[in-house]
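Here is the structure we will look at.
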Amino acid sequence: MTAPRLDVFPAADWPERVAAELADRLRERPTARLCLPTGDTPAPVYAALADAAARGAVDLARATVVLLDEYLGLEPSDPARCDARLRRELLDRLPAAPAFHAIAVDDGDPVAAAAAHDAVAAAGLDLTLLGLGANGHVGFNEPGSGPDAATRVVALAETSRELAHVRYGAARTPTGGITLGIARLLASAEIWLLVTGAGKAAVLARTLEGPEGDDCPASFLRRHSRLRVLADEAAATALSGAR
Ligand code: GLP
């Protein structure tokens, strides 16, 4: 197993540094197929990327964006919906928006929606960005998810249901979710795990330095030869360097 590349940036310019790396990738490959997460971690990166696009420093017009995960049981207009959030924080702020594949959770058949979204991702992902759940989840691959986990309908951990409501402002508690599975994420050509804040320090150390295990699904990302971790200084404080 190759040790993941770890980049630690000061919190003050972490969003701009990550956005600049992303802009470089998009310049190298303007037609990149990106899998993107939502959450408080990537939000400032998207703001910086949208600013860069407004300055003409990057162009996503020919890129394709595949949504990582989505809630079940929230209205399409709910501000906490992952598709709504990605549109609001990034896509709608771009001078020319990329093709966007949301997850068809409003069609009444979540199993079919998961299968259809898996097929979109299976067409190829050049780069997958991920946040890290405080419980070690990636996407909605909650604890108990193994490396072979497929794209599927999932029950959410209680903390994830609460977070949707309390922190992300969902009008009600979601009933479940659909997520790209860990196996599909591992098939991406490259993965960047984004981690910020002291509150994520312990779970980042667990992810990178603990034993691989389904109590921390993010630990399986270490199987990927092109895993890169982009952390701020606070999130990196519990790392011992013994990787
Ligand atoms: C959420 C999402 C994940 C996200 C993670 C961390 O529940 N399903 O895709 O990356 O939890 O969120 P945050 O960045 O807000 O800490």
- Hey, mind stepping through D215 and R206 against salt bridge (charged side-chain N to carboxylate O under 4.0 Å, His left out) and telling me if it holds? CA-CA 10 Å; D215 60 303; R206 165 70 192 88; 2.9 Å; yes
- Item | side-chain contact (heavy atoms from CB on, under 4.5 Å) between L193 and T207, worked out | CA-CA 11 Å; L193 182 64; T207 297; 4.2 Å; yes
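At a threshold of 4.5 Å between non-hydrogen side-chain atoms, the residues Y71 and L156 count as touching. Under the 4.5 Å side-chain criterion, counting only non-hydrogen atoms from C-beta, L129 is not in contact with I191. Residues L127 and R25 have side chains in contact (heavy-atom distance under 4.5 Å, counting atoms from C-beta outward). The shortest side-chain heavy-atom distance between P30 and D59 does not fall under the 4.5 Å cut-off. I182 places a side-chain heavy atom less than 4.5 Å from the side chain of S145. A heavy-atom distance below 4.5 Å is not found between the side chains of R5 and V229.
The side chain to side chain donor-acceptor pair (under 3.5 Å) contacts involving residues 105-115 comprise R81-D106, where partners must be two or more places apart or lie in separate chains.
The salt bridge (charged side-chain N to carboxylate O under 4.0 Å, His left out) test applied to E89 returns R85, not counting sequence neighbours.
By the 4.0 Å N-to-carboxylate-O rule, R167 lies too far from E162 to be salt-bridged with it.
R29 CZ: 12 or fewer foreign heavy atoms inside a 6.0 Å radius.
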